[in-house]
Amino acid sequence: MRYLILPEKVQARVQELADRISEDYQGKTPLFVGVLKGAFVFLADLIRATRLENLWVDFLAVSSYGDATVHSGEVQILKDLSVSVEGRHVILVEDIVDTGLTLRYLRQLLLDRNPASLRICVLLDKKERREVEVPVDYVGFEIPDAFVVGYGLDWAERYRHLPGIAVVDGSEAS
Ligand code: 5GP
């Protein structure tokens, strides 16, 4: 296990994203929608780094991988939102965009519910892995094609608590 992005680099970038979001949503009360479980750490830091007077938070839970590291192509909603997005300025917050299948599905799901606006914010972008196009408005880091953990991201439920982004290299199996 080695860090690809050190904890202090993550924090600095989260602050930059929060600054941009604070400017873009000045005077509004956006609804941040976090995608569980992976995005919960990012979302928690992101909202605390904003300078917005008001914001709302809600969560969706999806399952697209199970415990495998390969995308099954299936997106399953395990938990839906508890508030309505109709007429709201929604910011969909996701840990990582890989093939794009999950975000494309969630984007359409939210758009069908008539938000006033919808933007997507991801911490990590594995651009070279993209299979379907999805517009991402705020990106923390572009990363190479490697399976990463930490800062909310897991490997079979492990390593979510690491404060930076680390690469799983196979030596952690036991
Ligand atoms: P996509 O649908 O874009 O292929 O995948 C998005 C989801 O796959 C993410 O929300 C995340 O749960 C999972 N994922 C993709 N790449 C990684 C990775 O490198 N590490 C971890 N832990 N999850 C990943």
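Just the heavy atoms: all of them, side chains too, but no hydrogens, waters or symmetry mates, feed the values below. Start at 1 and go down the list; that is how both ligands and their atoms are numbered.
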List every atom of ligand 1 that sits less than 4.0 Å from any heavy atom of [X], numbering the atoms from 1 in the order shown and giving each element.
X	result
Leu153	21 (C), 22 (N), 23 (N)
Ala146	19 (O)
Asp154	21 (C), 22 (N)
Lys126	16 (N), 17 (C), 18 (C), 19 (O)
Leu101	2 (O), 3 (O)
Thr99	1 (P), 2 (O), 3 (O), 4 (O)

Exercise. Between Phe147 and ligand 1, is there a nitrogen or oxygen pair with a distance under 3.5 Å?
Worked result: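 Among all N and O atoms of Phe147, none is under 3.5 Å from an N or O of ligand 1.
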Exercise. So is there a nitrogen or oxygen of Val148 less than 3.5 Å from a nitrogen or oxygen in ligand 1?
Worked result: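 There is such a contact, yes.
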For this session: Quick one: pull up CG in Leu81 and CZ in Phe59 and give me the separation to the nearest 0.5 Å.
Result: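 Atom-to-atom, Leu81:CG and Phe59:CZ are 10.5 Å apart.
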Exercise. Is the closest heavy-atom distance from Asp95 to ligand 1 below 4.0 Å?
Worked result: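 It does, in that a heavy atom of Asp95 comes within the 4.0 Å cut-off of ligand 1.
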For this session: Run the contact test for Gly100 against ligand 1 with a 4.0 Å cut-off on heavy atoms, strictly below, and give the result.
Result: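 Flag set, Gly100 near ligand 1.
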Exercise. Under 4.0 Å from ligand 1, counting heavy atoms only, is it the side chain of Glu94, its backbone, both or neither?
Worked result: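 Side chain only.
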Would you say [atom1] of [X] has more than 12 non-hydrogen atoms from neighbouring residues, nucleotides or ligands within 6.0 angstrom?
X	atom1	answer
Lys79	NZ	yes
Arg13	CZ	yes
Glu8	CD	yes

Minimum heavy-atom distance [X]-[Y], with the two atoms named:
X	Y	answer
Ala116	Gly87	CB-O, 3.4 Å
Arg88	Ser84	CG-O, 3.7 Å
Pro144	Leu4	CD-CD2, 4.4 Å

For this session: Mind telling me whether Tyr25 and His89 have parallel, tilted or perpendicular rings, with 30° and 60° as the class edges?
Result: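 Rings of His89 and Tyr25: perpendicular, over 60°.
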